[in-house]
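Whatever order the structure lists ligands and atoms in, that order sets their numbers, starting from 1.
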Amino acid sequence: MNEERRTAGPASGGHFRILAGLAIGILLGLVAHAVQSSGDSGKELVTAVIGFTEPVGKLFLRMMQMVVLPLVFSALFLAVVDVGDLRRLGRIGLTTLFFTGILSLSAVMIGVTLVNFWQPGRALSAETREVLTVKYSEKAGESVNKANSAKSLGQTLVDLLPENPVQEMTGAVDGSSKGNGMLAVMFFALLAGIAATMQSEETAVLSGTMRGMYSISMTIIGWALKLAPLGAGCLVFGVTAQMGTDILLALSVFVMVVLGGLLIHLIVVYSVVLKMFAGMSPVTFFRKVSDAMFVAFSTSSSSATLSTSLKVAHDELKLAPETANFVLTVGATGNQNGTALFEGVVVLFLAQVFSVELSLSQQITVVLMSVLAGVGTAGVPGGSIPLIIVVLKSVGVPADGIAIVLGVDRVLDMSRTLVNVVGDLVVAACVDARMNKSAG
Ligand code: ASP
């Protein structure tokens, strides 16, 4: 009964419609960019069109963001309650950690190898570097300030437990959290779930309420997905209309290194891991998870995509709900392979730009810190930027240099978020297969 309710809701389907929405959005965005550059009247026209498309895109995004909090809490709570056995939960946790570790490490290694081979930093002219540094210096300054207020490791650990869970819940959504935001909410949900497992009779009503909350969130996501072709199209339209191609060309080698690395990780590494550990055909897998891929690409947010990931994991991949709930909820913040790859590439790229020679041990530091930064990055657009600044500083590369890449960040963010989200689903499929094997 519960099972049925939890997987019910409108079928996700419509992969093609979302893809078509994205393609049309990008195409019209490029046209709008050209019109905008043609003069004042063109600019006015495009501004008027964006005045219509932007709210539509935001509405789609809001529908997803609206359910993130109830979903994270109820999914994690239910995952613990449904697993029911703390030793089994520990096994799921350790298996998740294992796959997260090897996938993040391989992603960073791919990025670091490509950036050392192609040396995109050396291909950047001093003039372009100057222009970009000036243009994005204000934005870079904001990020550097944010990174400067980063907490010590000890405080970060203490903040895993929220002093005031309700405040952390609000803060996790609007960025005003005092502690660790979403991570603190997740810890609270995990502990609440563990406590509920120990007194299942007394907490049966609460568990039922959580199932209701989960089920409502999934139904709302079903509606949001129906809006996805238009919503996702409007979001990418805004990005392409405003950015255009000039800056992409100026940073083309860097952009190609990042996209090439992400593509290798997405297609080669994920396929091998899926085949080896989940015995699953990569083609079938990618077809089934395509809704989540498109939503991740258009929203640039793993958190906003969580609900869609949960939906495809249940409806399409048919993973055990408790495993999928646990792995995907934790993974939306804790497993970001695309981000880890990007962070490693940016740090080495900027070291090349500023001719900072990094020793082998410093490069190893970059790799390890990028893996950890991938774990600590919030699943929101541009979430990795403050952490990149921390890594830059730790190896003596000028942190203000982040300005050079900010102009292309959104496009790369869309792509790395797609890889992050697929990574979560790959880990979920592998953990599910492992758990089935050990149970069988
Ligand atoms: N936007 C990414 C995500 O939500 C995080 C980042 O790399 O900035 O997964």
Side-chain angles (χ1 to χ4, degrees), residues 57 60-61 64-65 67-69 71-72 100 103-104 107-108 110-111 136 139-140 142-144 146-147 150 172-175 180-183 186 232 235-236 239 254-255 257-259 261-262 265-266 270 289 292-310 327-347 349 369-392 402 405-428:
F60 167 62
L61 199 59
M64 311 260 195
Q65 288 169 330
V67 293
V68 167
L69 212 48
L71 254 185
V72 167
T100 301
L103 285 178
S104 299
V108 182
I110 290 171
Y136 293 98
K139 225 170 152 190
E142 281 168 24
S143 304
V144 173
K146 218 174 179 179
V173 177
D174 68 12
N180 272 339
M182 201 53 94
L183 266 179
M186 283 162 41
L235 286 175
V236 292
V239 175
F254 166 72
V255 170
V257 165
V258 174
L259 292 183
L262 290 175
H265 193 67
L266 180 75
Y270 286 162
V289 305
M293 287 165 67
F294 300 146
V295 171
F297 184 76
S298 63
T299 60
S300 290
S301 167
S302 299
S303 288
T305 314
L306 173 62
S307 42
T308 314
S309 307
L310 285 167
V327 179
L328 294 177
T329 317
V330 173
T333 309
N335 177 42
Q336 302 194 335
N337 311 152
T339 293
L341 183 150
F342 177 73
E343 290 177 351
V345 171
V346 172
V347 174
F349 166 72
M369 284 189 86
S370 300
V371 170
L372 286 179
V375 176
T377 299
V380 296
S384 50
I385 303 296
L387 287 165
I388 293 178
I389 291 171
V390 174
V391 186
L392 283 173
I402 194 74
V405 299
L406 285 184
V408 287
D409 186 51
R410 186 60 195 229
V411 177
L412 300 180
D413 199 359
M414 293 158 82
S415 315
R416 65 183 186 256
T417 306
L418 183 154
V419 174
N420 290 345
V421 166
V422 175
D424 296 339
L425 286 157
V426 169
V427 175

_ring-ring contact (aromatic ring centres under 6.0 Å, His included) partners of F349, counting only residues at least two apart_ = F254
For ligand 1, run through the N/O pairs with the protein that fall under 3.5 Å and put one pair on each line.
| from | atom 1 | to | atom 2 | distance (Å) |
| --- | --- | --- | --- | --- |
| ligand 1 | 1 (N) | S300 | O | 2.9 |
| ligand 1 | 1 (N) | V380 | O | 3.0 |
| ligand 1 | 1 (N) | D413 | OD1 | 2.7 |
| ligand 1 | 1 (N) | T417 | OG1 | 3.1 |
| ligand 1 | 4 (O) | S302 | N | 2.8 |
| ligand 1 | 4 (O) | S302 | OG | 3.4 |
| ligand 1 | 4 (O) | G379 | O | 3.2 |
| ligand 1 | 4 (O) | V380 | N | 3.3 |
| ligand 1 | 7 (O) | T339 | OG1 | 2.6 |
| ligand 1 | 7 (O) | S384 | OG | 3.2 |
| ligand 1 | 7 (O) | R416 | NE | 2.6 |
| ligand 1 | 8 (O) | G383 | N | 2.9 |
| ligand 1 | 8 (O) | S384 | N | 2.9 |
| ligand 1 | 8 (O) | S384 | OG | 3.0 |
| ligand 1 | 8 (O) | R416 | NH2 | 3.1 |
| ligand 1 | 9 (O) | S302 | OG | 2.4 |
| ligand 1 | 9 (O) | N420 | ND2 | 2.8 |

*Any salt bridge (Lys or Arg N to Asp or Glu O under 4.0 Å) involving residues 416-427? Give me the pairs, sequence neighbours left out, ordered by first then second residue.*
D409-R416, D413-R416
*Check whether any side-chain heavy atom of M369 sits under 4.5 Å from a side-chain heavy atom of V347, and report yes or no.*
no
_Could you check whether any side-chain heavy atom of L418 comes within less than 4.5 Å of a side-chain heavy atom of L266, counting everything from C-beta outward?_
yes
_Taking the side chain as everything from C-beta on, heavy atoms only, tell me whether T329 gets closer than 4.5 Å to L71._
no
Tell me which donor-acceptor pairs under 3.5 Å the side chains of residues 372-381 have, and how far apart each pair is, sequence neighbours excluded?
| from | atom 1 | to | atom 2 | distance (Å) |
| --- | --- | --- | --- | --- |
| T377 | OG1 | E343 | OE2 | 3.2 |
| T377 | OG1 | A373 | O | 2.6 |

